[in-house]
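Working notes, beginning with the structure itself.
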Amino acid sequence: MSPGRFARHQRLTRPSDFKQVFAHPCKSGNQHLTLLCRTNDKDYARLGLAIAKRYIRTAVARNRIKRIVRESFRQRQTTLAGLDIVVLAKTSAAALTKQELFLVLERLWQGLEKKCKDSLSV
RNA sequence: GGAGUCGGCCCGAUAAUCGCUGGCGGGUUUUCCCGCUGGAGGAAAGUCCGGGCUCCAUAGGGCAGGGUGCCAGGUAACGCCUGGGCGGCGUGAGCCGACGGAAAGUGCCGCAGAAAAUACACCGCCGAUGGUCGCAAGACACAGGUAAGGGUGAAAUGGUGCGGUAAGAGCGCACCGCGCCCCUGGUAACAGGGGUGGCAGGGUAAACCCCACUCGGAGCAAGACCAAAUAGGGGAACAUUGGUGCGGCCCGCAUCGUUCCCGGGUAGGUCGCUUGAGGUGUGUGGUGACGCACAUCCCAGAUGAAUGAUUAUCCACGACAGAACCCGGCUUACAGGCCGACUCCACCC
C-alpha cells in the first residue's frame with residue numbers, strides 16, 4: 001500500500017473553494033466521471049466531491065463512489081500536490097465495479113498531471 | 001417425509017496492513033502527533049399518521065374546515081397494538097374487513113330492460129255482469145282484474161309451503177327473515193329465549209349529509225449564542241473662536257476630522273446533538289398488548305457530510321439498501337439462512 005493520509009485540510013469544505021474550481025477549471029474526464037482542476041497556493045492537493053442525487057439515485061451508490069474516489073486520491077495525492085480537484089459523477093459510474101472505478105480514476109489522475117499542472121501553474 | 005400457517009432472530013466470518021471519524025488520556029495541551037476505545041438498518045427508505053422538543057399565536061365560546069368511525073383495554077399519543085363481537089374466505093392452523101346512520105333531507109344508479117323507485121306492466125294469466133255469434137257447450141272482442149310464470153339486469157317492492165281465487169296477491173296461516181317490547185348471560189359490542197306487530201316498499205354515505213369523538217400554526221435550514229471585513233445607523237468626548245456652503249458681515253443652520261461606546265447583523269463558528277416514553281436480566285400482575293419493582297449497561301453523532309480499501313483463508317458466493325433532532329407506528333423494497341409453536345396429507349407402530 002502506498003502511504004498517505006487524508007486529513008480535513010485536504011478537502012474542499014467551503015462553497016467558495018468549490019466556486020473557485022468551477023470558475024476556471026481545467027477539465028479531464030470520460031463517460032463515467034468528470035474531473036475539474038485548478039492550482040492552489042499550497043504544497044498539497046485538495047479534493048472535493050460533487051456526486052449529484054440527480055445522476056446517482058441511491059445513497060448507497062453515492063457513498064460507494066465517494067469512498068473509492070477518496071481512497072484512490074489518498075494513494076495518488078503526492079503526485080497531484082498543488083492542485084484543487086473536484087470530481088463529478090455521471091449516471092453510468094454507478095454501474096462500474098470497484099476494480100473498474102480504480103482503473104478509470106488512475107487514468108484520469110495521470111491525465112490531470114500532464115494537462116493541468118504545467119498549463120495552469122505558470 | 002411432503003404441503004402450509006403464525007411468531008421470533010440473523011444479514012458473510014476470521015486475521016493482517018493502510019486510512020476516516022466521536023469520546024477518554026497523554027505529548028510542544030493552536031489546527032498537529034501518540035495510545036486506548038466506540039462507529040448504520042430491519043427497513044436507516046417513503047414522509048403517510050401520532051408524540052416529545054423549539055419558536056410563533058392564543059380570555060372564553062361558536063361557525064367553517066380536516067381526521068377518525070363495532071366494543072373493551074393498552075399507550076405520551078395514534079389512523080397503531082391486544083383481546084372480544086359480527087360478517088366473509090379456508091378441510092384446518094389461521095387470514096381478511098372505513099364494520100355508526102339509508103322511515104331527517106337531497107342527489108346519483110351506465111348498458112340491457114315495459115319499468116331503476118310514486119310501478120303509468122313488455123310477453124303473459126284471468127276475464128264475472130253486459131255485447132256479438134251459436135240450439136247448447138263454448139268462441140271472439142272490449143271494459144276491467146292480476147303480478148304466479150317468462151325475459152333484462154349487479155339489483156325488480158321479503159323467502160318456502162299450504163290454504164284461497166276467475167286468475168292472482170301477506171289476502172289468510174305455519175316456519176324463516178324484519179321492526180318493536182320483555183327476560184337471561186356479558187363491563188360492552190353482541191348472543192340466546194319469549195311475546196307482539198304486520199309486510200312496512202332496492203342500492204349507494206371511499207356522494208352531499210346526520211350523529212359521536214377529536215384537531216391552533218410552523219418545523220432542527222426549528223431555535224439560542226459568539227461574531228470578522230466592508231458599508232451604513234445612534235450616542236459621547238476631544239479638537240477647534242478650524243475649513244467649506246447659504247450670506248455683504250455677525251448670529252444661526254448644514255457638512256467635513258480623530259478617539260471611544262452602543263445596538264442590529266452578513267461570511268464564518270459554537271450550541272441544539274444524543275441518557276432516551278433507552279437497552280439487557282430477574283421477579284411480579286395481566287388471556288394479551290402492556291404495567292410495576294429491583295439490578296445492571298452507556299450502545300453512531302458526521303456537517304461537502306465518517307464506518308472504507310487491499311491481501312489471505314473458508315462457506316450457503318452475499319438481497320433490498322446508508323443515520324442527519326429524537327422516539328412510537330404504518331406502508332413499500334428484499335437473495336437467503338436459523339429457531340420455536342401449530343395445522344393438513346401420507347407412511348410406520
Side-chain angles (χ1 to χ4, degrees):
Chain A
M1 272 297 75
S2 44
R5 304 181 64 87
F6 184 53
R8 182 133 298 274
H9 63 84
Q10 288 170 270
R11 303 182 195 181
L12 297 178
T13 55
R14 302 168 177 224
S16 55
D17 294 338
F18 277 84
K19 267 183 198 164
Q20 277 199 341
V21 177
F22 279 116
H24 305 285
C26 166
K27 289 189 191 176
S28 167
N30 56 19
Q31 71 270 27
H32 306 300
L33 297 168
T34 303
L35 275 69
L36 305 179
C37 166
R38 184 179 162 77
T39 51
N40 57 25
D41 52 357
K42 302 177 171 61
D43 55 355
Y44 51 82
R46 296 196 298 175
L47 176 71
L49 295 162
I51 316 295
K53 200 173 180 180
R54 237 175 93 199
Y55 297 117
I56 312 293
R57 281 303 184 74
T58 65
V60 171
R62 284 197 297 280
N63 279 340
R64 199 168 66 92
I65 292 168
K66 285 186 205 168
R67 283 163 183 164
I68 290 168
V69 171
R70 273 195 218 106
E71 181 63 21
S72 180
F73 173 82
R74 190 172 70 82
Q75 292 171 17
R76 284 296 308 249
Q77 57 180 306
T78 45
T79 56
L80 297 167
L83 296 175
D84 280 353
I85 302 168
V86 172
V87 178
L88 298 157
K90 297 176 189 172
T91 309
S92 59
L96 297 178
T97 64
K98 241 186 285 181
Q99 287 77 15
E100 286 172 334
L101 266 171
F102 271 114
L103 261 169
V104 165
L105 281 163
E106 184 57 33
R107 262 184 242 129
L108 291 173
W109 298 135
Q110 285 175 9
L112 278 187
E113 265 182 88
K114 270 189 212 155
K115 220 170 131 188
C116 306
K117 225 169 176 180
D118 308 324
S119 64
L120 283 170
S121 62
V122 176

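Letters A, B, ... mirror the listed sequences (proteins, then strands); counts begin at 1.
Straight-line distance between the P atoms of B/C220 and B/C208: roughly 34 Å, to the nearest whole Å. Comparing the same atom, P, in B/A316 and in B/G288 gives a spacing of 43 Å after rounding to whole Å. Taking the C1' atoms as reference points, B/A117 lies 26 Å from B/C125, given to the whole Å. The C1' atoms of B/A206 and B/G100 are separated by 15 Å, rounded to the nearest whole Å. On the P atoms, B/G69 is 15 Å away from B/A205, given to the nearest whole Å.
Figure legend. B/U5 is base-paired to B/A341; pairs are counted as Watson-Crick or G-U wobble with both atom distances under 3.5 Å. Pairing for B/A229 is absent, judged as Watson-Crick or G-U wobble with the two contacts each under 3.5 Å. With a 3.5 Å ceiling on both atom-pair distances, the Watson-Crick or G-U wobble partner of B/C292 is B/G283. Base pairing analysis places B/U91 opposite nothing; no Watson-Crick or G-U wobble pair with both distances below 3.5 Å involves it. Applying the Watson-Crick and G-U wobble criteria (two distances, each under 3.5 Å), B/G61 pairs with nothing in any strand. Across every strand in view, B/G322 sits unpaired, with no contact that passes the Watson-Crick or G-U test at under 3.5 angstrom. B/G172: Watson-Crick or G-U partner is B/C162, with both key distances under 3.5 Å. With a cut-off of 3.5 Å on both Watson-Crick or G-U wobble distances, the partner of B/U17 is given as B/A309.
Residue A/R70 places at least one side-chain N or O closer than 4.0 Å to OP1 or OP2 of B/A306. At least one side-chain nitrogen or oxygen of A/R67 sits closer than 4.0 Å to the OP1 or OP2 atom of B/U307. Contact check, A/K98 against B/U310: a side-chain N or O comes under 4.0 Å of OP1 or OP2.
Side-chain proximity of A/R74 to B/G322, B/C18, B/C20: nearest is B/C18. Distances were taken from every side-chain heavy atom of A/L49 (C-beta onward) to each of B/A321, B/U310, B/A305; the shortest belongs to B/A305. In the set B/A321, B/A306, B/C18, B/A321 carries the atom at the smallest distance from any side-chain atom of A/V60.
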Could you check A/K27 against A/L35 for side chain to side chain contact (heavy atoms under 4.5 Å, CB included), going step by step and ending with a plain yes or no?
CA-CA 6 Å; A/K27 289 189 191 176; A/L35 275 69; over 6 Å; no

Passes side chain to side chain contact (heavy atoms under 4.5 Å, CB included), A/K90 versus A/Q31? Steps please.
CA-CA 7 Å; A/K90 297 176 189 172; A/Q31 71 270 27; 5.7 Å; no

For A/R38 and A/D84: C-alpha separation, side-chain torsions, deciding distance, then whether salt bridge (charged side-chain N to carboxylate O under 4.0 Å, His left out) applies.
CA-CA 5 Å; A/R38 184 179 162 77; A/D84 280 353; over 6 Å; no

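Taking the syn range as angles within 90° of 0, the glycosidic angle of B/A40 is syn. B/G170 takes the syn form, because its glycosidic angle lies no more than 90° either side of 0. Taking the O4'-C1'-N9-C4 or O4'-C1'-N1-C2 dihedral as appropriate, B/U75 has a value more than 90° from 0 and is therefore anti. With its glycosidic angle more than 90° from 0, B/G163 adopts the anti conformation. More than 90° away from 0 lies the glycosidic angle of B/A137, which makes this nucleotide anti.
Smallest separation of non-hydrogen atoms from A/V87 and A/L47: CG2-CD1, 3.9 Å. When all heavy atoms of A/A89 and A/L33 are compared, the closest pair comes out as CA-CD2, 3.9 Å. Closest heavy-atom contact between A/L105 and A/V69: CD1-CA, 3.9 Å.
Both A/A59 and A/I68 lie near RNA chain B, and the one whose nearest nucleotide falls closer to the 5' end is A/I68. In this structure, A/R62 and A/K66 both approach RNA chain B, and ranking their closest nucleotides by distance from the 5' end singles out A/K66.
Within the 4.0 angstrom heavy-atom criterion, base atoms lie near A/A50. Residue A/R11 is classed as a sugar-phosphate contact, given heavy-atom separations below 4.0 Å to backbone atoms only. Using a 4.0 Å heavy-atom criterion, one finds that A/L12 contacts the sugar-phosphate atoms exclusively.
Counting only heavy atoms from C-beta outward, the side chains of A/W109 and A/I85 approach each other to under 4.5 Å.
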